[in-house]
Amino acid sequence: DPRMKVSPWVTLVFLPTSVAQAQGGCVDEPEDVVNALVEAATGIAVTGGCASQLLQNAIEGDTCAEATERGGALRANCCRSCLDRHFPMPETQLPEDGGLFGEPVKLYLQAGQSECVGQASVRLLDQHSDATGDYSDLVVEQDGVFVAGYNEVKILGTPDESRYFIAKMGPNKEGLANNFGPEIAIGRRLQDASPTNTDIMIVKYCWGGSAVATKWNPASAANSWDRASDDGTSGYLLSTGAADLTNKDNLYGNLIYTARRTQEELDAANVDYEWSGLFWIQGNADRENTWEGFGVDTRRLFDRVRSDLGVADLPIVDTGADVVHHLYSGKIHSASTIPNCNVKVAQSGEMVVDPSTDCVPNANSACPTFTNFSFYEHYGLDPRLAVPPYSDGLPDSLLDLNKTFTWYKAYPNNLHSEYDGMILKGNMVANEFIRTFTDWTLTPEMTEDDPILLFPPKSCGRPGDPGYTEPSNETICFIDMRDDDAIDAITCDVETGEVLQRRLGANGRQ
């Protein structure tokens with residue numbers, strides 16, 4: 001057919017954006033619609049829509065994956081055909097043997113904002129592992145560790161429920177972004193520490209830049225549903241609008257949808273399971289909130305997650321305050337007042353913001369800080385911090401070590417964790433969970449680089465209280481910003497681990 005000699009690119013450039021894709025679905029437009037668009041744009045009459053030879057020539061090439069106008073047009077109108085051809089889902093892999101004693105699979109939610117999503121590079125991790133042998137257990141598909149979540153094709157936008165998967169844990173299961181979060185280290189550490197070789201599954205749902213006050217608020221209109229008529233299925237949440245995987249306003253509903261979807265997949269395969277914990281990785285999106293508001297909002301989320309999962313005392317590790325005093329105070333307030341306790345705030349004593357400034361750091365902007373240089377003498381400096389101008393002002397004793405550790409994605413413009421920092425963070429929160437909530441054993445190898453054991457967080461106390469100490473480079477500590485009412489409301493012990501055994505007294509000091 002001489003018409004097939006006409007370049008399909010001409011056709012694709014003129015196809016408009018699909019309404020279905022814009023609304024978060026991924027379907028091929030109806031045949032008659034695609035046929036009419038092609039003919040209107042080129043004068044070529046085709047049949048079969050996306051299955052026509054003309055468009056199949058493009059789909060079977062690389063056009064779907066192009067970040068170009070023609071690629072966008074093809075993805076918009078033949079979205080499902082593009083997905084099936086170029087962006088296949090991970091192979092479904094489910095737990096089978098239940099460890100040494102047939103125990104239920106232990107399910108752990110991992111939720112939060114961008115550090116939970118993860119921007120650590122799979123490519124750089126692979127290169128580092130190939131060159132040094134480090135992380136060899138994390139660059140491969142992991143036995144005994146599974147992940148449930150969404151395979152995200154960045155070029156197609158936010159994934160909907162059709163991209164849900166369960167597979168063995170690996171750093172490349174979530175799509176073409178080629179990034180990973182702390183889950184690869186959390187799952188591996190939990191499984192390695194399990195004395196009965198129990199299967200572990202991380203159920204991951206995260207969204208960058210999301211505030212617990214709004215987007216994760218279970219009381220918001222977008223995240224609410226009629227629990228009296230709730231049949232307990234994931235489909236109910238979709239049908240009522242409480243879950244919409246493409247909408248940032250529905251993050252709490254989407255989290256519970258993901259939990260239910262995982263339960264349903266395991267039930268269908270006759271796999272026993274139990275909800276065993278939550279790793280909450282969030283904070284910076286609430287930097288404009290007060291310590292009290294942030295603490296109350298966090299506690300409300302934890303309460304509702306426990307209620308909706310049916311585990312009243314679900315163990316929770318909470319991290320993400322980073323170097324910010326009021327966010328750390330908010331997390332301590334939540335953990336020390338929540339019903340049923342069982343919340344551990346995981347934070348190292350790496351650095352804190354200088355309180356004399358009004359600067360509040362975010363993922364794209366650093367602030368003046370007081371820094372524990374011993375921390376970096378132990379681990380090493382980020383490669384960009386080891387050279388001018390960023391090395392200016394650092395002590396010669398630190399620079400002379402010539403020791404690097406890939407902490408940041410791109411200091412100072414992108415402060416998300418790169419592969420070294422992300423894996424250390426995953427191991428840190430997993431260790432804290434194991435120490436606090438299990439009788440499992442952490443080997444010396446597992447704890448030798450633990451930031452919380454080596455550089456535990458310290459409290460400056462409350463301003464105005466006897467013994468209050470201002471933070472400085474010599475005293476890395478968090479200012480306790482809680483008021484007397486918050487101290488009086490304490491019902492839970494807040495400790496950072498067996499070694500430090502830190503207990504907050506009536507005045508909020510160590």
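None of the values given here were measured: they were computed from a predicted structure.
Remark: the Tyr376 side chain and the Glu350 side chain contain an N/O donor-acceptor pair separated by less than 3.5 Å. Between the side chains of Glu103 and Thr196, a donor-acceptor pair is found at a separation under 3.5 Å. Side chain to side chain, Ser417 and Gln119 fail the donor-acceptor criterion of an N or O pair below 3.5 Å. In summary, the side chains of Trp275 and Gln263 do present a donor paired with an acceptor at a separation below 3.5 Å, with no hydrogens or angles considered. Between the side chains of His326 and Thr290, no donor-acceptor pair of N or O atoms lies under 3.5 Å. Looking at Asn284 and Gln113, their side chains never bring a donor and an acceptor atom within 3.5 Å of each other. Judged purely by distance below 3.5 Å, without hydrogens or angles, the side chains of Glu377 and Tyr379 never pair a donor atom with an acceptor atom. Using modelled atom types, one finds no donor on one side chain facing an acceptor on the other under 3.5 Å when comparing Tyr150 with Thr158. Residues Asn250 and Tyr257 have side chains that never bring a donor and an acceptor to within less than 3.5 angstrom of each other.
For CG of Asn402, the number of neighbouring non-hydrogen atoms (other residues, nucleotides, ligands) closer than 6.0 Å is 12 at most. Within 6.0 Å of CD on Glu274 lie more than 12 heavy atoms contributed by other residues, nucleotides or ligands. No more than 12 heavy atoms of other residues, nucleotides or ligands sit less than 6.0 Å from atom CG of Asp358.
For Phe165, there are no ring pair (Phe, Tyr, Trp, His ring centres under 6.0 Å) partners two or more places apart in sequence or in a different chain.
Pairing each heavy atom of Arg306 with each of Cys341, the nearest pair is NH2-O, 2.7 Å. Taking every heavy atom of both residues into account, Cys492 and Ala335 meet most closely at CB-O, 3.5 Å. Residues Met351 and Thr371 approach most closely at CB-CA, 4.0 Å, considering heavy atoms. The minimum heavy-atom distance linking Gly426 with Ile186 is given by the pair O-CG1, 3.5 Å. Listed here is the closest heavy atom pair of Glu432 and Ala346: CG-CB, 4.2 Å. Minimum interatomic distance between Phe433 and Ser276 (heavy atoms only, all atoms of both residues): CZ-O, 3.2 Å.
Distance alone, capped at 3.5 Å, is enough to place a donor-acceptor pair between the Tyr252 side chain and the Arg304 backbone. A donor-acceptor pair is defined here as one N or O able to donate and one able to accept, closer than 3.5 Å; no such pair exists between the side chain of Ser348 and the backbone of Pro451. No side-chain donor-acceptor contact under 3.5 Å links Ser365 to the backbone of Asn362. No donor-acceptor pair under 3.5 Å is formed between the side chain of Asp354 and the backbone N or O of Thr369. Between the side chain of Arg189 and the main chain of Met446, a donor-acceptor pair closer than 3.5 Å is present.
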**Prompt:** Which is it for Lys106 and Asp199 under the salt bridge (charged side-chain N to carboxylate O under 4.0 Å, His left out) test, yes or no, and what are the steps along the way?
**Reply:** CA-CA 6 Å; Lys106 292 188 176 296; Asp199 286 333; over 6 Å; no

**Item:** Asp480 vs Arg462, salt bridge (charged side-chain N to carboxylate O under 4.0 Å, His left out): CA-CA, chis, key distance, verdict
**Value:** CA-CA 5 Å; Asp480 189 346; Arg462 295 194 301 162; 5.4 Å; no

**Chi angles and distances behind the side-chain hydrogen bond (donor to acceptor under 3.5 Å, both in side chains) call for Tyr390, Asp382** = CA-CA 10 Å; Tyr390 307 117; Asp382 186 85; over 6 Å; no

**Request:** Just do the side-chain hydrogen bond (donor to acceptor under 3.5 Å, both in side chains) check on Asn364 and Asn414 with the steps written out, would you?
**Result:** CA-CA 5 Å; Asn364 303 310; Asn414 187 341; 5.3 Å; no

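Classification of the Tyr205-Trp216 ring pair by plane angle, with boundaries at 30° and 60°, yields perpendicular.
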